[in-house]
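Data first, discussion second: the structure below is written as structure tokens.
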Number of protein chains: 2
Amino acid sequence: MPRQSDKRQRLIEAGKEVIYRQGYSRTTLANIAETAGVPLGNVYYHFKTKELLARAVIQSRMDDLRRRVELSDANPDPGERLVEFIMFSLDRSKQVAAHGCPYGSLAQELDKAEKETPLGRSAAELLQIQLDWMTEQFHAMGRESDAEQLAADLLARLQGYCLLANSLDDPAVMEHGFHRVAAWIRSQSPR
Amino acid sequence: MPRQSDKRQRLIEAGKEVIYRQGYSRTTLANIAETAGVPLGNVYYHFKTKELLARAVIQSRMDDLRRRVELSDANPDPGERLVEFIMFSLDRSKQVAAHGCPYGSLAQELDKAEKETPLGRSAAELLQIQLDWMTEQFHAMGRESDAEQLAADLLARLQGYCLLANSLDDPAVMEHGFHRVAAWIRSQSPR
DNA sequence: GTCTATAATACGATAGAC
DNA sequence: GTCTATCGTATTATAGAC
């Protein structure tokens with residue numbers, strides 16, 4: 001019997017799923033509670049407000065992202081670290097075509113009109129983390145002077161393919177795009 | 001005295017503005033009515049439901065897009081048509097940093113959980129129109145075999161820079177990115 | 001065509017029993 | 001810690017006077 005029950009974690013997992021599929025604004029606490037198998041009134045014991053639950057959801061997404069980055073960091077070659085990171089995402093192409101990028105779509109919605117609240121700022125970190133890590137890899141590839149530019153180009157393309165795949169409802173747009181990006185990375189030698 | 005008053009058009013303009021800044025879900029008909037200077041109850045004379053008003057807003061965005069494309073079509077060189085289209089958008093970099101791309105952010109939000117309704121489908125057209133036109137230009141540049149790929153790469157980058165500029169709250173990300181895209185287009189000669 | 005008043009409902013949040 | 005019942009409010013939408 002856990003000191004604190006697993007309901008809190010179940011609510012976070014349910015929140016990730018439902019908010020990813022419907023967006024934050026359209027998601028009600030009743031949706032999340034039902035998905036988690038928790039009565040509505042009990043949600044408020046674990047999270048005092050909807051925003052605090054969303055904060056925990058974003059935090060969990062950030063943890064996922066950091067774990068994914070750490071996996072790729074095991075690779076000795078910085079270019080191949082980037083390629084590996086990209087290739088991991090391809091497993092999710094069908095979900096991305098159906099619901100968008102779990103990081104990018106959240107950042108876009110919450111940055112909109114919530115830019116002042118901690119919620120919008122912390123959603124933006126989902127992209128910032130990726131950008132920083134990508135910049136590091138280009139640095140390690142010997143591109144000191146333009147690493148930031150290259151990282152912006154890389155992340156912009158990835159996010160753009162996800163948006164297109166979602167709008168066109170076609171996973172192949174993402175798959176083909178990501179493969180072209182991987183080839184582009186491998187063509188980037190030290191300047 | 002117009003046969004049909006200008007209130008309908010004022011509501012559409014107000015809807016474009018408010019939905020762009022807040023997103024569709026967070027926008028209430030009261031918000032739009034107030035911005036348009038129209039009493040709430042009167043909105044329903046012009047648009048029977050919120051969704052029908054949104055449809056008119058999307059239609060108006062499509063008209064804007066088509067007018068922008070027609071402007072660039074006056075240019076005799078297809079590559080320069082693309083560059084011109086991109087450069088036009090740079091006027092809006094501050095707004096994009098504040099609220100995202102007016103087409104892309106709408107398409108993303110409405111494709112989410114509304115994919116079955118006409119609303120989601122018609123928002124997706126905001127990107128499809130651009131993609132089709134870009135494909136035509138690459139065709140005209142002599143890139144018959146890979147015009148669609150190039151158009152996807154181009155639009156993905158543009159949308160990606162807008163998303164990044166919005167998240168990082170930095171218009172320069174979009175400005176620099178768009179200039180690099182323009183240089184890339186000019187480097188695309190017939191294959 | 002325009003506007004006020006209000007109905008109907010959905011949702012975030014709370015009270016309080018267990 | 002858990003759950004039921006419910007409050008207060010915001011929002012879509014309608015009724016009906018002008």
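These numbers were taken from a predicted model, which means no experiment stands behind them. Hydrogens, waters and symmetry mates are skipped; everything else that's a heavy atom, side chains included, is used. Below, chain A is the first sequence line, B the second, and so on; all start at residue 1.
Rounded to whole Å, atom P of C/dT2 lies 12 Å from atom CZ of B/F47. What separates CD of A/E34 from P of D/dT4 is a distance of 14 Å, to the nearest Å. Counting to the nearest Å, the P atom of C/dT2 and the CZ atom of B/R8 are 12 Å from each other.
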Which pairs, protein N/O on one side and nucleotides 12-15 of chain C N/O on the other, fall under 3.5 Å?
residue: C/dG12; atom: OP1; partner: A/K50; partner atom: NZ; Å: 3.3
residue: C/dG12; atom: OP2; partner: A/L29; partner atom: N; Å: 3.0
residue: C/dA13; atom: OP2; partner: A/K50; partner atom: N; Å: 2.8
residue: C/dA13; atom: N7; partner: A/Y44; partner atom: OH; Å: 3.1

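Identified under the salt bridge (Lys or Arg N to Asp or Glu O under 4.0 Å) test for residues 31-47 of chain B, with sequence neighbours left out: none. Residue pairs meeting the side chain to side chain donor-acceptor pair (under 3.5 Å) criterion with at least one partner in residues 157-168 of chain B, sequence neighbours excluded, are A/D153-B/Y161, B/R157-B/Y161.
Think of B/L52 as one node in a network of Ile, Leu, Val, Met, Phe, Trp and Tyr side chains linked at under 4.5 Å; it has no links at all.
Under the salt bridge (charged side-chain N to carboxylate O under 4.0 Å, His left out) criterion, A/E13 pairs with no residue at all, not counting sequence neighbours.
In this structure, A/H46 reaches the D/dT2 phosphate: one of its side-chain N or O atoms is under 4.0 Å from OP1 or OP2.
Out of C/dT4, C/dT2, D/dT4, the shortest distance to the side chain of B/Y45 is found at C/dT2.
A salt bridge links A/E80 to A/R186: one of the charged nitrogens lies within less than 4.0 Å of a carboxylate oxygen.
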Side-chain donor/acceptor pairs under 3.5 Å, residues 69-76 of chain A, sequence neighbours excluded:
residue: A/D73; atom: OD1; partner: A/W133; partner atom: NE1; Å: 3.0
residue: A/N75; atom: OD1; partner: A/D77; partner atom: N; Å: 3.2
residue: A/N75; atom: ND2; partner: A/E84; partner atom: OE1; Å: 3.0

